[in-house]
Structure formats: structure tokens, C-alpha cells
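Single-structure report; data block below.
None of the values given here were measured: they were computed from a predicted structure. A, B, ... follow the sequence lines: proteins, then strands. Residue 1 opens every chain.
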There are 2 protein chains.
Amino acid sequence: MDRTELVDVALGHAPADLIVAGGRLVNVGSGEIYAAGVAVKGDRVAAVGDVGYTVGPDTQTLEADGRFLCPGLVEAHLHSYHSYLGVPEFAEGLLRHGVTAYADAFYGQGIVGGAEAVRFYKDAMSSMPVRLLFLVPALAYLQNRDMGLTPAPGITADEMLDMLDWPGCYGVEEPTAPPIIGKSPEWVELCRRTLEKRLVMTGHAAGLDQRTLQAYAAMGVTTDHEAVTIDEAVDRARNGFSLFMRMASSAFHQLELQRALTERGIDPQQFGFCADEASPVKLTEIGTIAHNLRTAIAAGIPAVRAIQMATLHNARAFFAQHDLGQIAPGRYADILLVDDLEAFSIHKVLVGGRTYVEDGRLVAALPVVEYPAFLYDTVKLPQPVTAADFATRADPADESVEARVIGITDGEFATVERRARLAVVDGAVQPDVEADVLPIAMVDRFLKGGAGVGTGFAHGFQLKRGAMASTVNAVSQNIVVVGTNFEDMAFATNRLAEIGGGFIVVEDEQVKALVELPLQGLMNDEPLGVVMPKFDRAYAAVRELGSPLSSPFVSLEFTFACPGIPDLKLSDEGLMRVSPPERLEVVIG
Amino acid sequence: MDRTELVDVALGHAPADLIVAGGRLVNVGSGEIYAAGVAVKGDRVAAVGDVGYTVGPDTQTLEADGRFLCPGLVEAHLHSYHSYLGVPEFAEGLLRHGVTAYADAFYGQGIVGGAEAVRFYKDAMSSMPVRLLFLVPALAYLQNRDMGLTPAPGITADEMLDMLDWPGCYGVEEPTAPPIIGKSPEWVELCRRTLEKRLVMTGHAAGLDQRTLQAYAAMGVTTDHEAVTIDEAVDRARNGFSLFMRMASSAFHQLELQRALTERGIDPQQFGFCADEASPVKLTEIGTIAHNLRTAIAAGIPAVRAIQMATLHNARAFFAQHDLGQIAPGRYADILLVDDLEAFSIHKVLVGGRTYVEDGRLVAALPVVEYPAFLYDTVKLPQPVTAADFATRADPADESVEARVIGITDGEFATVERRARLAVVDGAVQPDVEADVLPIAMVDRFLKGGAGVGTGFAHGFQLKRGAMASTVNAVSQNIVVVGTNFEDMAFATNRLAEIGGGFIVVEDEQVKALVELPLQGLMNDEPLGVVMPKFDRAYAAVRELGSPLSSPFVSLEFTFACPGIPDLKLSDEGLMRVSPPERLEVVIG
């Protein structure tokens, strides 16, 4: 729609399509709440305040009945593929909880399917009633390249540069610090071109020390979402970053970070919110930014300030404030009718002036997405794996060995190094299920041509029986598996390859639960009503096997190599430390 | 300089060129003040904090001795031509008072000299140690076109579009509301292209009613500097504008506007500062943004918040926060050493790590500017004017007439309509010096081919003898003159045409004071030491003639037609009202 049509409505020369009447406007620009209506023309706001003069004979009226009118929430950093849901189902999850705009690069999709897949998902998501802040998927090029691991085909450096010119591109998504400060020509050029085009270098500053953080900022990176401590939050603000405080499915860092505001008195104007990753349950039942917002309010941050962080601050970090983040003339008519500001209970969600959600239910159909054939059948093994492939080897003469074990913590992406003494049988290092030291493996699913299976051990899963496996894991998107025995691990792996990917829970070489993720091994293609019970069943099955983890598949995923997230990780090429990258042996004596 | 060199310094792999040691950092990102040093490489900041590790054998050290380290001030809206100074002299004025970056479109230069002049001044200013936020000079195209007046050649609509692609272009400078909401194709296209290129539509929302303001915002305009009342300040924030509160030479609106923050509790995060126009005395002796800043602090706004408004907020409005507005890695090393934060007394001004100002004096030479010939000899009359040309005509049979008189107020650009009964002699309406109703005139200096002289009367100048004239006046850049008698007015006009423009003060057809402005009739080309005494002499001469106005040449300028500034104004085509544009007769009976 042409903005000039808004002019006619604002001036009273033409009627609005819709007015939202009788609301209490949460004005994030002025920081006030006051009685106001909103006049909408096409998909944008034409006027705010006393908008009775914009009513014509065909103008629709939506009575707000004294409810609060809040801008649609702007999610600053979220990976759609990480919801494991199809495009309309993901959009529905966002909309149900008031998120009407979000930033995504589709990097997972790009690792598996290249630029063609990124383009497909960009277009498909753009067809949804959610504003996409498209970013260049740096991780689809980077993968674990800077850690010395062989990447999947993914995308090329030239394709990253091309994507800067794609319509609706807002910048580059979270290249980690090593490539950005590593001065290789393709990254220097990407940074230069991004800033030259007035796009945003979004960051991923996990665990960076002060010097590295400053080097990263020096290259023009202006956002981060990976801070985990109060001190890191303060450092982000001090060094010129917009900090998107994270509340993911299994990483609740905002709880700590917001204390920089409430306890240290840091200026909140450069702070915003993100989820980063949201399980299907979080996405559809709890919400992403709405949850951040409630978390902030619960910590004593005033509601209007929290809403600013959820809207204007995030929009401004992307230089999108003329389109998003405030209910004001010229902005998209993405409006939430909220019953209670403190509880942030959302009555209605309007996108472009149309009501899509009412009391948590979708009330308008989302566009249908037809997925092309190239997105299917993408999980490839040279041949089926066997139980023996999952055994870490030791000297057959040894009865036991000291082993490095990846220590996981519920609610953290970061892992630590632990140690265990493990029995050796015929040269194969054995699990110690009682001590919760379980074999894990990453299996190449791109036919990259190496050994194909990296093996090791993890502590923290607490499975007592069986195995679980997945084809979703940040930047690798290989098959990852943890189990109590090698046979179940092989069974789970082979089954996932057969069906093109998914989540699987196995016991005694029987499928206990399965969520098919046929789209690139990353996402389901079924409606929420079909797929959500499958997730429930899978989570329940993991619990039945003994694991109390809140998001077991996410914990599994981040047990494996992922750039910028410390410390001890497994890859399809073996055990390693992340920073600085270092290959390690599992068996140390 | 390549940002990668900063990386080496930040990481401790290469020495800094300079460290500023022992300062108290005003961190506008976090809102804190704490002890810190700054490491500089090339012209940017590499690291902040404990930067001792960046010192090598050749690293220079500047001891801050406990002084506050503030970011260089960012002036959001200022017209260089309005200082009447040459390029280095203007830059010196900015630097002396801590302004290290400013936004300018060179629209006055463009009206007189077209795109060629805009390009020249853009390049010349870019050679100075001041960051230029170049904007497209919408007013050099618009002029008084939408008021129905014949424009000077200026620039074309196509040239405006071309300028969006000039390197270092940040957006479009202050097109007024009528063209923007008037839907003519060239303005619709300019708005569309500007937003598409992620550039900023800066605004000029003077006197707009609520509906017009909203229509203006709807077109994508996101800044304003023309608010004058508290209510207007609140409305700007509510409607999604960044508001640059103005403290000009003769318009002190911030005094009122900041009460929106101190008394109404409006969120300050979308508020910033500007001067808009600064007389040579204001520019060099008082300062622009530093004066806004002190004004805010004096009103009770905390110093750190005021400094944020002077730096980060302004930079962010232009999406320049990765380059400007904070002392943080990657930003230009534009740093102020401040003795006292409340008084904002500036000890040193560093630009790109180099000290340019110390205790108010320039201590490093600025580049020399060679002005091309086309900038000279630009004030053209078809023939010398005569006293009779300045007489407003009435029916010779009348002895007196009721006349519309332009009422001016010291410190305001806006004018009002007043009335006076004036004697008529031989059909010429006479001045009433005793009642302070003085003849004024605008004389076309572009040989546009019309009548060439518009005449009328003004109240408020309080001249008792003689006349004063100028070739500087917003968007017209014609000759403007006010006097107590027609003879002195003709003499002043002819003399300005002979010398190519300037300010002149005349008594009894003798020059009392003259400031030559040979560059396009807008600017002087002499060093400050030569030109400043001429300004002093001119201001003194005006006072000697009886006028107590604080900035008499600015008051004179805004007595004449200027888009968007109400209300009764004179043009070279006669008297008019601004909004909506309406031609009026001086004599009403």
C-alpha cells in the first residue's frame, strides 16, 4: 500500500478502513498511557488519538473496551527452524502470543539446502502476517568452518554478499567473533558492505573476554543476545551494543541480565528482548517476547519500560522505527489489545489492522505453504550405521580409562569438561549409566566423505534406558544421538535417516516416540493439532527413560559443536574445545 | 582506515597510536560515569577501560588528569551557510565548542549554485575534522515553490534523487509538510527511495496541527526540530518523531520544550538537540550543542542524560551509532576532555584522536579551502534600484491607509499580522518610524524576470534612522532590506549587488558597517580574526540605529517568505500568508 493513502485519512479527506476505539494507548515513544483510538488504512496506522473524524460509512470499528493498545511485539533474534514447525505453524505460534515482527536468517535451512532454501523460507515467511526482518545467514556459510571442521555445502561467501541486496534485508545474523576479528577477506568485505549499506551487523558475543568483545565491536557489530551475567550485560551497554536479553526454551538469561537494570541502574534504552530458540511448546503455549516482557515486569521493571524493550528498542536496533515498534502514524497496524498490563494478558492480536488472534486462538486463516521437493529426503548416510560405530576406542589391553566427558547443565547452552573412569571391553569404552556417563555421537548426514561418526561421552542427560536422537543441531544439522547402549543409538540413527529426519526416542530397538521432521530434517510439515501431540509424546518418552531435562532435545543439540558456545563439544570429526578451537582425545589415559 | 587495525589493538596484538589515560568516562550507552582510558588507532577507538596493554614504544599518551571523557557532540540540524562563515571558519566554530559531527545539506548554497555548489561544499566540509552527516537539500529544490513563488534555479527533483546515492548521504533535510503530504510524484518518489535506502526523512513540522503532523509522520518522516511548545514536544514523541530541541541564535525553544521532560515526565530517549542556525558569535563564542546541553542541565536534567541527548540520541536518529555518539570500540575517536560536567567546560577537543582545540583555542591547523570562481559574483540586478522601487503603492487620492504589517518578535522565526494606519504621499505609503512601522523589501537577485521587488511593512525592528540589508534569507537568498527611508534602502541594496552580497548597515546613504559575503552572497571567505570584528561592527551599527534585537539580521531574514514558518511574510512577489499559502495586499483600505 502507498503511504499517501494514509495522508488522506490522517487529514480527514478519506475514511479509515478500521478504527480501534476506546483503548488506552501504551505510547512507547513518549512513555505514556492515555485514552486513544487508532485509525487504520490498508495495513498501516494513519492516525492515533481522537480518530472519530476518520470514520466513514464503510469504516469498521473494533471496540477496545478500555483495553490497553500495545504495539505488536518485535522479536529481535529467533530461529524459525528451531521450533521444528512448518512456516504457518511457526507464524501461528508467534501470533498467538503477540509477536508480529521477528528477525530470522533461516541459517539452518541454508546449511541443508543452500541459498535456494533460504530464499524459499524468506518468501514463505514473508507471505505470513508477520513482519520478517530478514538477515543474511552468516552461520550457513560459517558453520563450524573456523573451528576447522568440514562444512556442509551451505552457502558461499559470495551468496552472503548477494543476500545483502535481497529486498527486505536488514543485516547479517550473528557471525561469531572469530571470523569477524579473524580478518579473512570474505568477512572483512561482508562487514564493510553491511555497514556501507546501512544494514546491521548483529552479533553473537558468547563468552567473549573484554578484549575480544571490544575487537568485535570495533568491526561494527552493534547487537548481542548471548550475554549471561550481569557484568556481561553491563559490558554490552558500555561497548555500544544493543543487548537482546534472552529467554529461550532452555536458557533463561534475562533473569540475571535484567538485574543490570534493576540493581545496577544501567540505562535500559539499549536493552531489548529475544528468545533465540523456542521449542514448539514454548512458542505456542508460553510465547517468546511476551514471556520476556512478563519476566521483566515480575522483576520490577515498569510495564511501559518493559513494553518499550519489547517493541521500540528492538525495532530501533534494526533501524525499523518508521515501520515497527510503536503505534504511530505510518507504522504497520500491528496492535495488541491487552486486558492486564502487568500480566500482559493479550485479548486480540491485529496484524496490518486485521485480527488474527483472539484469546489465544487463531481466528483468521494463514496462507498455505507448498513445500518444494528439494526440501525433503535430505538425511543421507553412506550405509546404515552399526552399534560398533558408536564405541569410542581405547587400547584393548586397558581395563578402564580416564575419559573426557562433556558436562551439560539444564538451562545452559554452554558445556564444561568433566572426567570419568570408564570400563573398556574389547577396546570399546563402555557407558556408565549409573554414574550418568552416556555415549554420544554425531553422524555426518551430508555424505561429506570423512569418517562420518564422532563419538564421546556426556554427563547430565540421566537416561536410564534406551536412546534419543535428532537431526536438528545448531550449525551442524547432523544426526546427534545419546543413549545408554550402542544398539539403541544405531537403531535411532538409522531410523532417522530412513524417514528424512526428526526426533526419535528408542528403547530396546523399538520406537517409543517419533516426531518426523521431513523438511530438511529440521521441520515438520503438519498442522499444530497433529504435530504438537507428537512433541508431547517425545518429551514424555524421554522422561520415561529417566531424563528430567526441561528441553532434552535442545540440551542434546548443544552438547555438540556450535561456534561461540563454550566449551567442550563433540563434532562428527571428534571431541574438541571451542575457544580457541582445539581437537581433543576422549581417552586421556 | 580499515577497522581490522582496531582489532589488533583491542586484542593487544598491536600498539595503539594514542591513549587517553586517567579519565572519567561518561558512558552514554550504559548511563554511567567511571574511571577509564581510551585506546585510539588511526581515527577510531580501539578499546576503552584499562587500556595500558595497548601501549607500545611509539604510543602517545594524553593525560586526562581525572577529567571527564565525553563523546564529541553531534549536532542534528545546522545550516553552515547560516553562520555566514567560510568552511574552515565554520568548522573551527563547531570544534571550539565540542561539536565533532553535524548534519547539513547545504541547501542555501544549492539555491544559489545548484548541485555543483552542494557537491563543492559537501567535499570541502568533508575535508575538515568534523563528521558530516550529509543530507539531500530538499529546500534547494522546494524553495518557496509550494507557496506559488518562482524559485531560483536551485536543484532539480532528479538531482535530489541522485544525491541519495552520494557517498555519506544520511537522508533528506527538512522538506516541509505541504510537499510531503501533497502527493506530487517527485516527493512521493523521494520519500519512497529514501526509506528504501534506509536513509532518514528529517522533518520540519513547524506549526502543524495534529492531523497534518500525523499525515507527515505517515509518509515516513521521523525527526523534527521545529516544535516550540510543551504540547508540541509531547506530540512529537507520541507520533514517533525524534525531536531535536532547538537553541538557535534567535530562537530558544528548548527552554520550553524540555519541560516536557522535567514537568510532564515524557521519556527522553527520543529527544536530542540542535541549533538550526547559529550566528557567527553564537557559533564561535557560545557554541551550539554545548549550549543546548548546559541549558538542559540548568533545567534539572541530569548531566549524563543531557550528554546522551547531545550524542547518542542524535547519532541514533541518523542510524550512525556504529560510528558516532559514544566512546566505544569502532566509533570515531572524537572525544571531549571536560573539566566540569555541570558547567560543561571543555578543556580539549579531539577529533579522530587528534587534539584540535585546547581551552577554546584551535591548536591544529584546519585544511585550506580554495573556493572556485562560480561561487563569486552571484548577486544580480537588472539595473540599480531606486528609492521609488521601495514604496508600497496606494490610491494617490488617499491621505492614509490601513496596512497589514508583519509583526516580528525577538527570538522567534514566526511572525504575526499586525495593522497600522500609514500616511500616503503621492500614492506612496509612508513609514511611521515613531510607531516602529518600517518599510521592508525583498529584491530578486537571480534575474528571475518578474517585477523583482516586493514591498511591505514590518513592526519590531525599532530602527530610528538608516537601513539594513542582507543577501542571506532562508530559501529565498534574495536581497532583503528594512529601513526608515526609501533612499537608504536603495543605497544598501545597490551596494550589496555591487560587492556580490553581504550584510550592510547604512545611514544617510553612507555605509556604517559592511560584512562582505562574497561566496554566493551567503558566506565570507576570510579568517575569523578578520571577519568577526566586521560582524561586531555590523551588530553595533544596527544597535546605534536604534534596534535592540538580539540577532537583527536573522530577524530580518525571517520577516520574509520561508516555507513552514508562519504566518505573514513578504516575498519578492509581494505579501503573503504561509499556511495555507495566500497572496495578500499590504493596503487594505
>> Tell me which of these, Gly330(B), Gly29(B), Ser30(B), Ala320(B), has more heavy-atom pairs under 4.5 Å with chain A than the rest.
In response: Ser30(B)

>> If I take atom SG from residue Cys191(A) and atom CG from residue Asp2(B), how far apart are they, to the nearest 0.5 angstrom?
In response: 10.0 Å

>> For Arg331(B), which atoms come within 4.5 Å of any heavy atom of chain A: side chain, backbone, both, or neither?
In response: side chain

> Any side-chain donor paired with an acceptor under 3.5 Å for Gln326(A) and Asn239(B)?
Replying inline: no

> Which region of His13(B), side chain (C-beta onward) or backbone (N, CA, C, O), has a non-hydrogen atom less than 4.5 Å from a non-hydrogen atom of chain A, or is it both or neither?
Replying inline: neither

>> So which residue, Val188(B), Val234(B), Leu195(B), Asp209(B), ends up with the most heavy-atom pairs under 4.5 Å with chain A?
In response: Leu195(B)

> Is any side-chain N of the basic residue among Arg305(B) and Asp267(A) closer than 4.0 Å to the acidic one's carboxylate O?
Replying inline: yes

> CH2 of Trp187(B) to OG1 of Thr4(A): how many Å apart, nearest 0.5 Å?
Replying inline: 15.5 Å

>> Between Ala218(A), Ser242(A), Ala237(A), who has the most heavy-atom pairs with chain B when the cutoff is under 4.5 Å?
In response: Ala218(A)

>> Which atoms of Gln270(B) are under 4.5 Å from chain A, going by heavy atoms: the side chain, the backbone, both sets, or neither?
In response: side chain

> Tell me, side chain or backbone of Ala47(B) under 4.5 Å from chain A's heavy atoms, or both, or neither?
Replying inline: both

>> For Phe271(B), which atoms come within 4.5 Å of any heavy atom of chain A: side chain, backbone, both, or neither?
In response: neither

> Which answer fits Ala317(B), side chain, backbone, both or neither, if we ask what part of it has an atom under 4.5 Å from a heavy atom of chain A?
Replying inline: backbone

> Quick one: what part of Gln308(B) sits under 4.5 Å from any heavy atom of chain A, side chain, backbone, both or neither?
Replying inline: side chain

>> Has Arg211(A) got a side-chain atom pairing as donor or acceptor with Ala10(B)'s backbone, closer than 3.5 angstrom?
In response: no

> Which value, rounded to the nearest 0.5 Å, describes the distance between Ile181(B) atom CD1 and Leu11(A) atom CG?
Replying inline: 4.5 Å

>> Among Ala36(B), Gly168(B), Gly31(B), Ala217(B), which residue has the highest count of heavy-atom pairs closer than 4.5 Å to chain A?
In response: Ala217(B)

> Atom CD of Gln269(B) and atom NE2 of His313(A): how far apart are they, to the nearest 0.5 Å?
Replying inline: 3.5 Å

>> Would you say that Gln214(A) contacts Leu6(B) through its side chain, given a criterion of any heavy-atom pair below 4.5 Å between the two side chains?
In response: no

> So what's closer than 4.5 Å to chain A heavy atoms on Leu213(B): side chain, backbone, both or neither?
Replying inline: neither

> So, Lys183(A) and Asp8(B), do they make that salt bridge, N to O below 4.0 Å?
Replying inline: yes

> Sub-3.5 Å donor-acceptor pair from the side chain of Arg198(B) to the main-chain atoms of Arg198(A), do we have one?
Replying inline: yes

> Under a 4.5 Å heavy-atom cut-off, does chain B meet the side chain of Tyr170(A), its backbone, both or neither?
Replying inline: both

>> For the interface with chain A, which of Val200(B), Thr212(B), Val45(B), Leu199(B) has the highest count of heavy-atom pairs at distances below 4.5 Å?
In response: Leu199(B)

>> For a side-chain contact (heavy atoms from CB on, under 4.5 Å) check, start with the C-alpha distance between Glu32(A) and Arg264(B), then their side-chain angles and the critical distance, and finish with the verdict.
In response: CA-CA 10 Å; Glu32(A) 302 168 293; Arg264(B) 297 262 189 101; over 6 Å; no

> Under a 4.5 Å heavy-atom cutoff, which of Thr222(B), Val48(B), Thr54(B) has the most pairs with chain A?
Replying inline: Val48(B)

>> Just so I understand: if I count every heavy-atom pair under 4.5 Å between each of Arg238(B), Arg316(B), Gln210(B) and chain A, which residue has the most?
In response: Arg238(B)

> Between Ala328(B) and Gly240(A), what is the shortest heavy-atom contact and its length?
Replying inline: CB-N, 4.3 Å

